[in-house]
Amino acid sequence: MEGPREQVTQRKTIGIDDLPIRDELKGKSPYGAPQLDVPVQLNTNENPYPLPEPLVARIAERVAEAARGLNRYPDRDAVELRTELARYLTRTTGHPVARENVWAANGSNEVLQQLLQAFGGPGRTAIGFEPSYSMHALIARGTGTGWISGPRDEDFRLDLAAAEQAIAENAPDVVFVTSPNNPTGTAVEAETVVALYDAAQAAKPSLVVVDEAYVEFSHRASLLPLVEGRPNLVISRTMSKAFGAAGLRLGYLAAHPAVVDAVQLVRLPYHLSAVTQATALAALEHTDTLLGYVEQLKAERDRLVAELRAIGYEVTESDANFVQFGRFDGAEGSHAAWRKILDRGVLVRDNGVPGRLRVTAGTPEENDAFLDAVRELKKEQNA
Ligand SMILES: *Cc1c(COP(=O)(O)O)cnc(C)c1O
């Protein structure tokens, strides 16, 4: 009989690549920022404020209510939740959104995965303009969708002419636009998105997905009104950032009702648990309080930008709850700086953009700790 010891030994000798795994997954590692236990964690763009106690109590109430019905499958179409998300979007964008325009899943990553399952897949391609959110490429790979890395200009802005050319040349099936972009922070103009949409329709036609994970932190209005008259345009949103609920796993999209019908062809039945739906509904009851934290974080983001510049760093314009800064000496320089900041108890993100790092806006105290660390780093660099 094989005991636990033999099984452990087996683990050592048999790796992923020894399994009959899909070729494109061979030699790959899973996505994820290091989750290190340090005092100041400013690396994954989370909201630093825990949910307020009245909301925690309300979640407990709504989850208890949901628990009484857990012997049954949840509402497969999440009707109440989609209705409330539509109400939130209408209220904050001024553009009328109905439940039929909204779809929700376990994080916007799942929303994006469902979109690629329905509109990408083997024999099809998706394009993103990099550096951008690396999950777009990874979800493409996971769904067998070919990935095309589109260009950006030297200041990390979307270069419209170059992007239009890449779309015309490759005729992708799906186009990702991230606004505000992660990890750079900059938002995209509405006219640019319209031009990309037109280019994508002329080339294919293709689905254009605007990832607005950080839009609540932006100086600019949401691009959501652009869905009017553009059935191939999708706006993707999340409760992970502005709502301070990364642990909830709730993302959603707004689009033409036909897009919502399309993702239902690939979603797993009952994908959103009754507990998730109840928790998200409770959070939506407290929208005003949560958006109050967003205002504080925007002020802290602006302070980070100003102070980083005063210290002598180059900072990319940010419409998000994080700031990209540098410049360090290439990829090695940014990694060395990341390590030195970590040695001072502050975890930031090295997204692999050579010469740059990304810091999430935290509480005023956390941001002070970060600023102290990079001030010392600058002194060392200048010494
Ligand atoms: C954080 C982030 C998301 C959020 O993903 P969830 O699955 O909703 O937590 C989506 N898009 C971008 C660009 C992000 O940075």
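Along the sequence shown, residues are numbered consecutively beginning with 1. Quick caveat: nothing in here was measured; it's all calculated off a predicted structure. Ligands are counted one by one from 1 in listed order, and the atoms in each one are counted from 1 as well.
By the ring-ring contact (aromatic ring centres under 6.0 Å, His included) test, Tyr133 pairs with His136, sequence neighbours left out. Every residue meeting the side-chain hydrogen bond (donor to acceptor under 3.5 Å, both in side chains) condition with Arg91, not counting sequence neighbours, appears here in chain and number order: Asp288. Take Asp37 and apply the salt bridge (Lys or Arg N to Asp or Glu O under 4.0 Å) test, not counting sequence neighbours, and it matches no residue.
Arg358 pairs with exactly one of Thr316, Asn182, Thr184 by the side chain to side chain donor-acceptor pair (under 3.5 Å) rule, that one being Asn182.
One distance of note links CG of Leu272 with CZ of Arg249; it measures 11.0 Å at 0.5 Å rounding.
The immediate protein surroundings of ligand 1, defined as residues with any heavy atom under 4.0 Å of it, consist of Gly107, Ser108, Asn109, Tyr133, Thr178, Asn182, Asp211, Ala213, Tyr214, Thr238, Ser240, Lys241, Arg249.
Between Trp103 and His271, the ring planes are parallel. Angles under 30° get that label, and only those over 60° would be called perpendicular.
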